[in-house]
Protein chains: 4
Amino acid sequence: MATAPLEPRKAPRQARSRHTRDAILTAAGGILAANGLRGLTTNHVARAAGVSIGALYQYYPNKQAIIGALLTQSRADLLAGMEAAAEAVEGEALEVVVCAMVRARLRQLFEMAALAEALERAEAELPADPGIARLRTRVQAQVVGVLAEYYVDDPETVARDVLAMAEGMAHAAVRAGEAGFAPLVERIERAVTGYLAGVVPEA
Amino acid sequence: MATAPLEPRKAPRQARSRHTRDAILTAAGGILAANGLRGLTTNHVARAAGVSIGALYQYYPNKQAIIGALLTQSRADLLAGMEAAAEAVEGEALEVVVCAMVRARLRQLFEMAALAEALERAEAELPADPGIARLRTRVQAQVVGVLAEYYVDDPETVARDVLAMAEGMAHAAVRAGEAGFAPLVERIERAVTGYLAGVVPEA
Amino acid sequence: MATAPLEPRKAPRQARSRHTRDAILTAAGGILAANGLRGLTTNHVARAAGVSIGALYQYYPNKQAIIGALLTQSRADLLAGMEAAAEAVEGEALEVVVCAMVRARLRQLFEMAALAEALERAEAELPADPGIARLRTRVQAQVVGVLAEYYVDDPETVARDVLAMAEGMAHAAVRAGEAGFAPLVERIERAVTGYLAGVVPEA
Amino acid sequence: MATAPLEPRKAPRQARSRHTRDAILTAAGGILAANGLRGLTTNHVARAAGVSIGALYQYYPNKQAIIGALLTQSRADLLAGMEAAAEAVEGEALEVVVCAMVRARLRQLFEMAALAEALERAEAELPADPGIARLRTRVQAQVVGVLAEYYVDDPETVARDVLAMAEGMAHAAVRAGEAGFAPLVERIERAVTGYLAGVVPEA
DNA sequence: GATGAATGAGAGTTCATTCAT
DNA sequence: CATGAATGAACTCTCATTCAT
């Protein structure tokens with residue numbers, strides 16, 4: 001038995017694999033953004049991804065898994081963005097740091113508004129997945145960590161409030177057809193700063 | 001897709017009639033709150049209402065109409081609540097009036113949290129109905145009117161921001177399992193007041 | 001026990017009865033002509049007749065009975081028309097008499113083209129009713145009688161052929177949107193006369 | 001009501017595919033012939049074809065499309081038959097050519113009498129489809145072409161009359177249970193010839 | 001008798017998922 | 001492994017008919 005090289009043969013296969021997986025996810029995201037959960041059918045996704053329905057089921061065991069992957073991806077992106085944002089302003093005043101993180105979240109919401117909203121609705125509509133819920137928690141934990149460093153009281157609640165406030169305003173603005181990103185961010189930062197003012201312990 | 005007529009098909013003439021109509025709506029609300037749009041099937045609603053599927057379709061021309069009726073009812077309730085709240089504090093300072101209206105909204109959100117959230121998701125998922133959209137507009141117009149009386153600049157945007165902020169925080173609190181209503185209201189009012197401070201023209 | 005007059009009390013009731021029956025039939029005829037068998041629903045008929053669905057079922061035991069009554073009425077009318085036509089030309093040459101009868105049939109077909117066609121389709125689509133079939137036979141028997149008087153061979157077949165030829169041409173003309181009655185009748189009579197020429201024994 | 005697409009949904013790529021398509025059409029034809037439009041339900045067709053309801057809808061987008069395919073097939077067959085018949089007697093006298101074409105039509109009517117009749121009723125009952133109507137027109141155009149070659153006046157009307165006359169007589173004969181094909185054809189040809197005699201310009 | 005609210009079998013259609021090829 | 005034909009439970013909605021009032 002000759003020792004045949006195994007890696008070379010496997011690598012391209014994995015590369016193709018990865019490409020197919022991504023194509024499916026991209027197609028699903030586009031459809032979800034455009035047509036909502038109602039329009040997201042597995043056959044439609046497969047066709048849009050240029051993949052047979054059988055292949056789709058080879059990569060994702062069921063429809064939920066596709067939505068789950070989409071959510072995971074989106075949350076992971078967000079987490080990375082927020083971490084980067086926080087690092088960039090490390091050591092500055094509380095509002096500055098929190099606002100930087102909020103801005104990271106807003107950027108994602110704005111960039112793919114339709115998908116982000118549809119994804120959240122989908123998550124609420126579907127049976128809860130602990131793995132995905134955990135990712136959401138980690139996003140908040142990120143903010144909680146910063147708040148704790150500044151000795152903010154009840155940082156969990158504050159983190160939740162700040163993110164919810166920002167997301168609520170952003171969604172409403174997008175739905176209302178507000179065009180510019182900057183003015184919205186300014187208003188949200190004003191609200192966040194105002195809220196934090198009543199929370200930060202006097203230095 | 002043609003916009004289906006959302007108005008109830010038949011005006012209740014007999015007493016039994018009215019009861020059936022209400023039973024259907026109540027059942028639909030319960031199911032929507034408990035199982036989301038996915039679980040809301042016409043047969044399921046009929047069974048839960050203790051009514052035959054035929055009877056259901058005698059009162060609502062299609063499934064959408066049921067959701068529409070639910071939304072209309074909820075919006076009309078809200079509108080009435082906000083009007084009452086505003087009247088009760090007429091003439092007081094801006095934050096007081098706005099917070100009163102916001103509190104009316106929060107009360108509704110809290111009282112029937114699951115239904116309120118599910119209804120909003122349903123609305124987003126469904127083809128837009130002008131009649132229902134108009135009711136939503138009227139809720140905001142209510143706030144806009146008050147803001148204009150106090151010479152607030154760009155009252156539409158401010159109204160939207162304030163409501164969105166409050167709703168966002170409330171939803172997040174409910175989802176996180178926060179129990180008490182009072183502390184949440186206090187935090188939200190702090191945020192609203194803080195936000196308004198940067199908006200009110202100096203008296 | 002006083003011998004109360006029974007007739008007077010019953011007569012008006014029967015009169016109203018008869019009126020309701022007719023209203024239902026008229027409404028059904030109109031709907032059948034306009035919307036075909038598919039559009040003929042009992043509820044629709046009742047509403048169009050200004051009668052409750054319950055009342056409709058008091059007069060006709062089921063939907064089929066309504067269609068049956070419509071067919072019976074139409075056949076009876078036809079029979080009367082043909083009898084009158086035949087009497088008016090009694091004693092004249094064969095083609096004259098046959099053409100008079102054919103003209104009676106054509107007049108009915110033309111006057112209520114849509115209804116006549118819809119009725120025939122309905123009859124074919126529905127389970128056969130011996131009572132109605134018998135009426136159809138009597139229409140042919142009418143022609144058969146005349147043919148026999150003129151010693152035509154196999155009068156049943158000839159009667160059938162003549163009527164079928166005329167009806168076929170008339171239906172096609174109506175469907176094609178032919179407007180005038182006279183030219184059509186002329187063409188049909190030409191065909192009938194031509195056909196009969198090969199059938200009549202030399203006088 | 002929008003005119004639904006009548007073309008088959010999917011072109012058969014695998015052999016199995018083609019078989020399923022055909023099985024569905026055959027089953028539908030059988031049921032239509034036996035039970036009429038009323039008995040033609042998609043579930044019934046699927047079961048009779050030995051196919052799941054899902055498969056049926058993979059090949060035909062809706063029930064109408066099945067009927068449409070049946071009609072198209074029947075008309076195409078007829079067209080081919082008439083073309084062949086006309087070619088076989090090219091150059092002969094007018095009545096000979098016309099009778100040949102009529103005979104082609106009669107052969108079809110006789111071979112699948114029940115289906116042919118049911119199909120025609122179905123067509124009348126259903127919303128008109130331009131594609132199918134065009135095929136019907138082409139059948140008549142075929143006859144019109146021949147008539148024009150012989151300088152017949154108003155060939156459209158004559159073509160319509162001749163076909164209608166033949167079809168009417170044939171339907172009536174079939175319905176009456178006439179067994180032999182030959183005597184019927186003879187009578188019809190007599191009628192057609194008689195009718196044409198009044199139409200052909202003297203050579 | 002009249003009314004019309006109620007019934008429910010059953011129609012057309014969709015779509016997540018499986019499995020022979 | 002990929003393909004796509006096939007499956008069938010489940011969904012929305014209709015309509016002939018019944019029956020309490």
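A note on names: the letters A, B, ... follow the listed sequences, proteins ahead of strands, and every chain is numbered from 1. This structure is a prediction, so every number in the text was calculated from the model and none was measured.
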### Query
Taking only residues two or more places apart in sequence, or in another chain, which ones meet D:Ala48 in a side chain to side chain contact (heavy atoms under 4.5 Å, CB included)?
D:Ala27, D:Ile31
### Query
Which atom pair, heavy atoms only, marks the closest approach of B:Leu32 to B:Leu40?
N-CD1, 4.0 Å
### Task
Enumerate the residues from residues 43-54 of chain C whose closest heavy atom to DNA chain F is under 4.0 Å, giving them by residue number; use none for an empty result.
C:Asn43, C:Ile53
### Message
Run the side chain to side chain contact (heavy atoms under 4.5 Å, CB included) test against C:Gln58 and tell me which residues pass, sequence neighbours left out.
### Response
none
### Task
Considering just the side-chain nitrogens and oxygens of C:Tyr59, establish if one lies under 4.0 Å of OP1 or OP2 belonging to E:dA2.
yes
### Task
Show the numbers, then the answer: is there a side chain to side chain contact (heavy atoms under 4.5 Å, CB included) between A:Val45 and A:Val51?
CA-CA 8 Å; A:Val45 169; A:Val51 151; over 6 Å; no
### Task
Go through the structure and list residues passing side chain to side chain contact (heavy atoms under 4.5 Å, CB included) with A:Ala114, not counting sequence neighbours.
A:Ala33
## Note on the structure
Numerically ordered, the residues 124-132 of chain A set in heavy-atom contact under 4.0 Å with DNA chain E is none
## Note on the structure
Note: contacts of residues 27-42 of chain B with DNA chain F (heavy atom, under 4.0 Å) are B:Leu40, B:Thr41, B:Thr42
## Note on the structure
Sequence neighbours excluded, the answer for side-chain hydrogen bond (donor to acceptor under 3.5 Å, both in side chains) partners of D:Glu120 is D:Arg105, D:His171
## Note on the structure
C:Ser74 meets the side chain to side chain contact (heavy atoms under 4.5 Å, CB included) criterion, sequence neighbours left out, with C:Gln108, C:Leu119
#### Entry: Pairs meeting criterion side chain to side chain donor-acceptor pair (under 3.5 Å) with involvement of residues 36-52 of chain A, two or more places apart
none
### Message
What residues from residues 60-67 of chain A pass a heavy-atom cutoff of under 4.0 Å to DNA chain E?
### Response
A:Asn62, A:Lys63
### Message
Below the 4.0 Å mark, does E:dT14 have OP1 or OP2 next to a side-chain nitrogen or oxygen of D:Tyr57?
### Response
no
### Task
Write out all pairs satisfying side chain to side chain donor-acceptor pair (under 3.5 Å) with one or both partners inside residues 121-130 of chain C, taking only residues at least two apart or from two chains.
C:Arg75-C:Glu123, C:Arg121-D:Glu125, C:Glu125-D:Arg121
## Note on the structure
Note, DNA chain F 5' to 3' with Watson-Crick or G-U pairs under 3.5 Å encoded as ( ), [ ], | and . gives .||||||||||||||||||||
### Query
To the nearest Å, how far apart are B:Arg21 CZ and E:dA6 C1'?
16 Å
